[in-house]
Enquirer: 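Once you've had a glance at the structure underneath, I'll fire off some questions.
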Amino acid sequence: MVEFSHVPVLLNEVIENLNIKEDGIYFDGTLGGGGHSGEILKRLGPSGRLIATDQDREAIESTRERLKEFGDKLTIVKDNFVNIDAVLKNLGVKEVDGILLDLGVSSYQLDNKDRGFSYREDAPLDMRMDKDSGKTAEDIVNDYTAEELTRIIREYGEDPFAAKIARTIVAAREKERIKTTFQLNEIIRSALPEKVKRKVGHPAKQTYQAIRIELNHELEVLEQSLDKMIDLLAPGGRLCIITFHSLEDRIVKNTFRNAMNPCICPPEFPVCVCGRKSKGNIITRKPIAPGEEELKVNPRSKSSKLRVFEKLH
């Protein structure tokens, strides 16, 4: 079994921006290998607490063992972070002092070829963040119509060749069911012009991103989570979000902007009459990106961006 990676992205920047208090209560919605969680726990005193969620049972089992030294300061719940309100309520927690989401696929999930997230290894088309859920990437590839495939590859993969890729997938599966990553790779490659195939980067990358986002409802979950997370922050509490592509980052940026300035009055109105009040302030006017040293140590951090929102005191 592949070891769960615990090389956390933008670790110092996250810890600095969470403004951790020794007696605070914190929430890590993406436990993964426990890299961020471990550093948060080190800074908590005897009365401090970290509540962490993850969808991946393997991640939870591995990371619970790794972080066992922290005892009952750490509570791990197998759940999606979109259910943060129910998780906290079940634990008798009304508000938290900080929340972290590190979005995207963990290094463990990428490196464990059986999970089917990587186009670099021949493996079953799985891509489930939660292996207890039913539908897999294989189902999407083989069951979606050409129109549905075009939509997700265009919207979630931002690929200009979405329609051609979708049509080629549909034609290929009429001959045999598409079950593995290398099968899908060849189909995608055959749909693209030579000049595109010669470009830097794998030609299947955008399609894989699109299928993964669709399968795991990643953008819907993020959109449904952010406002309630802001509402669950204690005064002065901070929400830190690490994104890995423009679609996620746009959702975070717009939600933070609306939470800081929710007024919908026409600009010519001398005073606000809509009654919508600001929930806090954006700490990061521009997202924080990894520095040169981190990029050398962890090339996978390249596309990461951190945005931070602080609840009004």
Side-chain angles (χ1 to χ4, degrees), residues 5-45 48-54 63 67 70 73-74 81 84 88 93 95-104 106-107 222 225-246 248-261 278-295 297-298 300-313:
S5 170
H6 54 287
V7 179
V9 172
L10 293 165
L11 177 61
N12 294 331
E13 293 84 351
V14 165
I15 296 301
E16 179 185 340
N17 278 282
L18 276 174
N19 275 354
I20 298 168
K21 302 185 294 186
E22 283 192 5
D23 60 347
I25 302 175
Y26 295 85
F27 180 87
D28 182 351
T30 46
L31 175 69
H36 291 108
S37 282
E39 291 300 318
I40 294 168
L41 286 160
K42 286 177 189 176
R43 289 160 174 77
L44 296 178
R49 185 177 185 187
L50 175 66
I51 299 159
T53 59
D54 204 287
T63 304
L67 300 178
F70 296 104
K73 280 203 291 187
L74 172 63
F81 59 73
I84 180 174
L88 295 183
V93 176
E95 60 184 21
V96 293
D97 297 289
I99 297 171
L100 167 66
L101 296 181
D102 177 5
L103 303 172
S106 71
S107 291
L222 185 61
S225 301
L226 296 180
D227 282 324
K228 66 170 109 175
M229 286 182 170
I230 291 171
D231 291 340
L232 287 164
L233 287 172
R238 289 190 170 186
L239 173 56
C240 296
I241 313 283
I242 299 172
T243 62
F244 287 85
H245 55 77
S246 61
E248 293 172 335
D249 185 58
R250 194 177 305 133
I251 291 169
V252 176
K253 179 175 68 174
N254 291 338
T255 303
F256 283 6
R257 185 184 292 155
N258 291 337
M260 185 173 80
N261 183 19
S278 174
K279 293 181 179 179
N281 295 299
I282 297 168
I283 300 301
T284 47
R285 292 295 173 180
K286 290 184 177 179
I288 299 169
E292 287 183 23
E293 286 303 310
E294 178 165 4
L295 290 170
V297 175
N298 184 13
R300 283 179 179 164
S301 69
K302 183 179 178 181
S303 60
S304 62
K305 292 179 179 180
L306 170 65
R307 292 186 186 269
V308 184
F309 186 89
E310 183 178 84
K311 186 81 169 281
L312 280 177
H313 286 268

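The residues of the chain are indexed from 1 along the displayed sequence. Because the structure is predicted, anything quoted here is derived from the model rather than measured. The figures here come from the full heavy-atom set of this structure, side chains too, leaving out hydrogens, waters and symmetry mates.
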Enquirer: Under the ring-ring contact (aromatic ring centres under 6.0 Å, His included) test, which residues partner F309, sequence neighbours left out?
Expert: F256

Enquirer: Evaluate the side chain to side chain contact (heavy atoms under 4.5 Å, CB included) criterion for residues L67 and S37: first the C-alpha distance (whole Å), next the side-chain angles of each, then the deciding distance (0.1 Å), finally the verdict.
Expert: CA-CA 9 Å; L67 300 178; S37 282; 4.1 Å; yes

Enquirer: Within the 4.5 Å heavy-atom criterion, are D102 and P8 side-chain neighbours or not?
Expert: no

Enquirer: State, yes or no, whether a side-chain contact exists between V9 and P290 at a heavy-atom distance under 4.5 Å.
Expert: no

Enquirer: Quick check: closest heavy atoms across G29 and L101, and the distance to 0.1 Å?
Expert: CA-CD2, 3.7 Å

Enquirer: With rounding to the nearest 0.5 Å, note down the distance linking CD1 in I25 to CD1 in I99.
Expert: 11.5 Å

Enquirer: Please confirm whether the backbone N or O of K311 pairs with a side-chain atom of K279, one donor and one acceptor, at under 3.5 Å?
Expert: no

Enquirer: Calculate, to the nearest 0.5 Å, the distance between atoms CD and CD1 belonging to E310 and I283 respectively.
Expert: 4.0 Å

Enquirer: Is there a donor-acceptor pair closer than 3.5 Å between any side-chain N or O of S278 and the backbone N or O of M260?
Expert: yes

Enquirer: Say you draw a straight line from CZ of F244 to OG of S301; how long is it, rounded to the nearest 0.5 Å?
Expert: 7.5 Å

Enquirer: So which atom in K73 and which in G48 form the shortest heavy-atom distance, rounded to 0.1 Å?
Expert: CG-O, 3.6 Å

Enquirer: If only atom types and distance count, is the side chain of E294 paired as donor or acceptor with the main-chain N or O of L10 below 3.5 Å?
Expert: yes

Enquirer: Tell me, do V93 and R49 make a side-chain contact under 4.5 Å, heavy atoms counted?
Expert: yes

Enquirer: Do side-chain atoms of T255 reach the backbone of D227 as a donor and acceptor pair under 3.5 angstrom?
Expert: no

Enquirer: Are the side chains of L11 and H36 in contact, using a 4.5 Å heavy-atom criterion?
Expert: yes

Enquirer: Counting C-beta onward and ignoring hydrogens, is there a side-chain heavy-atom pair between Y26 and I20 closer than 4.5 Å?
Expert: yes

Enquirer: Using a 6.0 Å cut-off, check whether atom NZ of K228 has over 12 heavy atoms from anything other than its own residue.
Expert: yes

Enquirer: Between the side chain of K305 and the main-chain N/O of D249, is any donor-acceptor distance below 3.5 Å?
Expert: no

Enquirer: Looking at every heavy atom in both L74 and A52, which two are closest together, and how far apart are they?
Expert: CD1-CB, 4.3 Å

Enquirer: Just verifying a value: how many Å separate S304 OG and L295 CG, rounded to the nearest 0.5 Å?
Expert: 7.5 Å

Enquirer: Considering non-hydrogen atoms only, spot the tightest contact between L306 and C240 and give its length.
Expert: CD1-CB, 3.9 Å

Enquirer: Quick check for you: to the nearest 0.5 Å, what is the distance between I51 atom CD1 and D28 atom CG?
Expert: 11.0 Å

Enquirer: Scan for side-chain hydrogen bond (donor to acceptor under 3.5 Å, both in side chains) pairs involving residues 11-21, sequence neighbours excluded, and state none if there are none.
Expert: K21-D97

Enquirer: NZ/K253 to CD/E248 distance, rounded to the nearest 0.5 angstrom?
Expert: 14.0 Å

Enquirer: Give a yes or no answer on whether the side chain of T30 reaches the backbone of L103 with a donor-acceptor pair at less than 3.5 Å.
Expert: no

